[in-house]
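Take a look at the structure below.
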Amino acid sequence: MSFVIGLQCRECGQEYPQAPLHVCENCFGPLEIQYDYEGIKKSISREKIASRDRNLWRYRELLPIDGEPRAGLYSGYTPLVRAHRLGDALGVKEFYVKDDSVNHPSFSYKDRVVSVAISKAMEFGFKTVSCASTGNLANSVAAHAAKAGLDCYVFIPDGLEQGKIIGSAIYGPKTVAIKGNYDDVNRLCSEIGDKYGWAFVNVNLRPYYSEGAKTHGFEVVEQLGWKLPQHIVVASAGGTILPKLAKGFKELIKVGLAEDTGCKIYSAQAAGCAPIINALHKGTDLVSPVKPNTIASSIAIGNPAGGYYVIQAVRESGGWGESVTDEEILDGIKLLARTEGIFTEPAGGTEVAVTKKLIEQGRIPRHESIVISITGNGYKTLEAVAKSVERPYTINATLQNFDELFHQLEPNAGVKALAS
Ligand SMILES: *Cc1c(COP(=O)(O)O)cnc(C)c1O
Ligand SMILES: [Zn+2]
């Protein structure tokens, strides 16, 4: 049973029935899903959710599908890792990593939004699914399309990392690399979507797609014992996940699943592509487009469609945002790997480095609960870190060779033989 009432324009309030629509015909504002929250409140409970499978559909009352989910049956419910060692390194007490780097099936937060979009595309009867992507979205759409038996076209900027390109191609979609950056890809995809009538998950299915992002926040709250964290830090690219975290928290409060204890939300961007942070720091709502130049390609969107809504959500929550250099991003990747054993991509390095900066600035108090969202996986972007990690020591297969190496590495260490 569905609690969706329909679509509504975020700006002028015009209502629409459920359809593959994303902009208001009156004012070009974005359309959002409207729910019957009273009905949801009567139907949903913590126990009911706890009894369901560990995937993102456990929150189905708050997701925009009719009937049974048709995709993403194994997506979501990623670990919330208690990060003692990273917390110690940053001098904070209650620290958690929400680890979407191990999301099923394509190892990023995008498996959430794509699960909902593809399920909805199948309800609408689309046979071809597509997306404009910085890499992770293409991986996820291609994987989910393969599982669902749908035709698939993915559009990416040229020059992406091998792991992102092969990580789509392996599923057998048609991959089209556009000579240009993401903003060029996105512009072209709007035209293709209109002309070819495909389900573009982040264009004409955007209202459904973006709702999937709420599940990242739902899980954090459930995994903290139905409590909001006091602070959460997440990267912003097009500006989907951050405002949807805010919306998700509000919904949990509205339907009686969590108490309104307040959660400050912080946006993280790379200094080489920080249009949202620039606007936030200037105190304006107006996001001026930039030309991206950063190793964090999955969040390199110079003209973010949802930028305005990120700023609104950050301000309303009492949070803030910061940007960090590529060097700080690499340090962030290594810090997370070497304290928590989690290998993230540059977007995650950005999230770590920005969190560190906000703590050092005193913006995030050290004694309060902090969640850092890790949104992507480092095995896809090996190029980014290849030059900044140690090479292997290559030796001959003799004990003497190893003894010599060990002595070089640890000149003061003795060797204690195992008792036989
Ligand atoms: C897409 C993405 C984000 C966030 O993007 P939004 O468009 O702001 O939702 C963050 N991290 C990674 C790794 C991503 O792929
Ligand atoms: Zn409108």
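For ligands, and for the atoms within them, numbers begin at 1 and follow the listed sequence. Since we're looking at a predicted model, the values are computed, not measured.
- For ligand 1, the atoms sitting less than 4.0 Å from at least one non-hydrogen atom of S298 are 13 (C), 15 (O), numbered in the order shown with element in parentheses.
- Residue contacts with ligand 1, taken as heavy atom pairs separated by less than 4.0 Å, involve T240 via backbone and side-chain atoms alike.
- Annotation for E383: atom CD counts as buried by contact number, over 12 foreign heavy atoms lying within 6.0 Å.
- Other residues, nucleotides and ligands contribute only 12 or fewer heavy atoms inside 6.0 Å of the CD atom of E316.
- At a 3.5 angstrom cut-off on N or O pairs, G238 counts as close to ligand 1.
- In this structure, K98 fails the cation-pi test against Y96, since its NZ or CZ atom is not both closer than 6.0 Å to the six-membered ring centre and inside 45 degrees of the ring normal.
- Ranking the protein heavy atoms by distance from atom 12 (C) of ligand 1 puts T375 OG1, 3.4 Å first.
- Distances between N or O atoms of S108 and those of ligand 1 include no value under 3.5 Å.
- For ligand 1, the polar-atom distance check against A237 finds a nitrogen or oxygen pair separated by under 3.5 Å.
- The SG atom of C24 and the SG atom of C27 meet at the Zn ion (ligand 2) at an angle of about 120°, given to 10°.
- The angle subtended at the Zn ion (ligand 2) by SG of C12 and SG of C9 is 110°, given to the nearest 10°.
- Heavy-atom separations between S236 and ligand 1 include at least one value shorter than 4.0 Å.
- Annotation: atom 13 (C) of ligand 1 to nearest protein heavy atom, N136 ND2, 3.3 Å.
- Surrounding CD of Q162 are at most 12 heavy atoms belonging to other residues, nucleotides or ligands under 6.0 Å away.
- Contacts between V310 and ligand 1 below 4.0 angstrom, taking non-hydrogen atoms only, are absent altogether.
- With respect to the salt-bridge test (charged N to carboxylate O, under 4.0 angstrom), the residues K42 and E61 do not qualify.
- R54 has no carboxylate O lying under 4.0 Å from a charged side-chain N of E219, or vice versa, which leaves the two without a salt bridge.
- Salt-bridge check for K214 with E211: passed, with a basic side-chain N closer than 4.0 Å to an acidic carboxylate O.
- With salt bridges taken as basic N to acidic carboxylate O contacts below 4.0 Å, none links D260 and K250.
- For N293, the CG atom counts as loosely surrounded, since its 6.0 Å shell holds 12 or fewer non-hydrogen atoms of other residues, nucleotides or ligands.
- The shortest N or O to N or O distance between I241 and ligand 1 is under 3.5 Å.
- Each of the atoms 6 (P), 7 (O), 8 (O) of ligand 1 lies under 4.0 Å from some heavy atom of G239.
- At under 3.5 Å, a nitrogen or oxygen of Y109, whether backbone or side chain, sits near a nitrogen or oxygen of ligand 1.
- Salt bridge R338/E390: present, at least one basic N to carboxylate O contact under 4.0 Å.
- Of the protein's non-hydrogen atoms, the one nearest atom 1 (C) of ligand 1 is K110 NZ, 1.3 Å.
- Not a single N or O atom of E345, backbone or side chain, sits closer than 3.5 Å to an N or O atom of ligand 1.
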